[in-house]
Amino acid sequence: MTRRVIVAANWKMNGDLALVDSMLLGLKDLESSNVEVIICPSFPYLSELNQKIKAANLNEIIHVGAQTVSKFFDGAHTGEVSTNMLNDLSIKYVIVGHSERRSVYNETSEQVASKVHAVLKAGLSPILCIGETEEERSSGKIESVLMSQIQPVIDEIGIKNFSDVIISYEPVWAIGTGNPASSAMAQETHYFIRQLIAKQCDQVAANISLLYGGSVNAANCEELFAQPDIDGGLIGGASLQAEQFKIICSAAKGK
Ligand code: 13P
């Protein structure tokens, strides 16, 4: 397995049916390339988006992902959505452990690990989000914070299966602020994450895809993606505009 280059859109709780249409219109000329393009809308739009991607013959190029999922297989869990349901809709990717899920909905790293496990068991690809707050960075806790988010997942699924996980490093202070990590700082942290994983398995560290997320836009994506340990991005605000998102997808080509 080699490192995959991925650009994923996280629409968060934004967008509507009109955005589904305008996005696909804007991306209709996106060419097939080495980049796996993924769009993650809210649950109600998953099916519509997937069907419209197929109808537009873009299904080899654009894939659909969910923004979270239940750790349970089925049963009395009102409001939850299972991996089985995503599979039923041919949704193949799931964002897990986004910082907004951790901070607003109190998801613990152990719960996130259970979700990653459920996602892999169902044959889907998890995009595991990790990242430190500004205070954690300034107080020198980056290593312990990132390890506390990574290790429970490795303990749950085993280091060999960890290469099937896509990691998105999203420093909390860079999300939605318009202030991304500098490309040098992002590269340094991605390298550091790879070294942390290498302590447990060199091969997994070399093959795992590490995306960067946090205020990526059309103007800064090229420099971020040029960094050797950055394998693409998880894009919030800029992924709601087809023109910007297309530029970001194109910037990852040829990595
Ligand atoms: P922004 O690109 O809006 O900063 O959001 C990043 C993010 O949280 C993607 O998951």
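Counting starts at 1 for both ligands and their atoms, in listed order. The figures here come from the full heavy-atom set of this structure, side chains too, leaving out hydrogens, waters and symmetry mates. Since this is a predicted model, take the numbers as computed values, not measurements.
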Atom pair OG/CD1 of Ser209 and Ile230 - distance to nearest 0.5 Å:
12.5 Å
If hydrogens are left out, which of Lys12, Glu170, Gln67, His98 has an atom nearest to atom 5 (O) of ligand 1, that is, the closest non-hydrogen atom?
Lys12
Run the numbers for me: atoms of ligand 1, each under 4.0 Å from some heavy atom of [X], listed by number.
{"X": "Leu234", "answer": "9 (C), 10 (O)"}
{"X": "Gly214", "answer": "4 (O), 6 (C)"}
{"X": "Gly176", "answer": "1 (P), 3 (O), 4 (O)"}
{"X": "Gly237", "answer": "1 (P), 2 (O), 3 (O)"}

Please say whether the positively charged group of Arg194, taken as NZ for Lys or CZ for Arg, lies over the ring of Tyr191, i.e. under 6.0 angstrom from the six-membered ring centre and within 45 degrees of the axis.
no
Side chain, backbone, both or neither: which applies to Asn10 and ligand 1 if a contact is any heavy-atom pair less than 4.0 Å apart?
side chain
contact_flag Ser215 ligand 1 heavy-atom lt 4.0 Å
yes
Counting distance only, does the side-chain N/O of Trp11 pair as donor-acceptor with the main-chain N or O of Ser239 below 3.5 Å?
yes
Are any side-chain N or O atoms of Lys115 and backbone N or O atoms of Gly97, one a donor and one an acceptor, separated by less than 3.5 Å?
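Checking the backbone N and O of Gly97 against the side chain of Lys115, no donor-acceptor pair under 3.5 Å is found.
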Which residues end up grouped with Phe72 if you chain together Ile, Leu, Val, Met, Phe, Trp and Tyr wherever their side-chain heavy atoms are less than 4.5 Å apart?
none
Does Glu156 have any salt bridge (Lys or Arg N to Asp or Glu O under 4.0 Å) partners at least two apart in sequence or in another chain, and if so, which?
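With neighbours one apart ignored, the set is empty.
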Please list the nearest protein heavy atom to atom 2 (O) of ligand 1 with its residue and the distance rounded to 0.1 Å.
Gly236 N, 2.9 Å
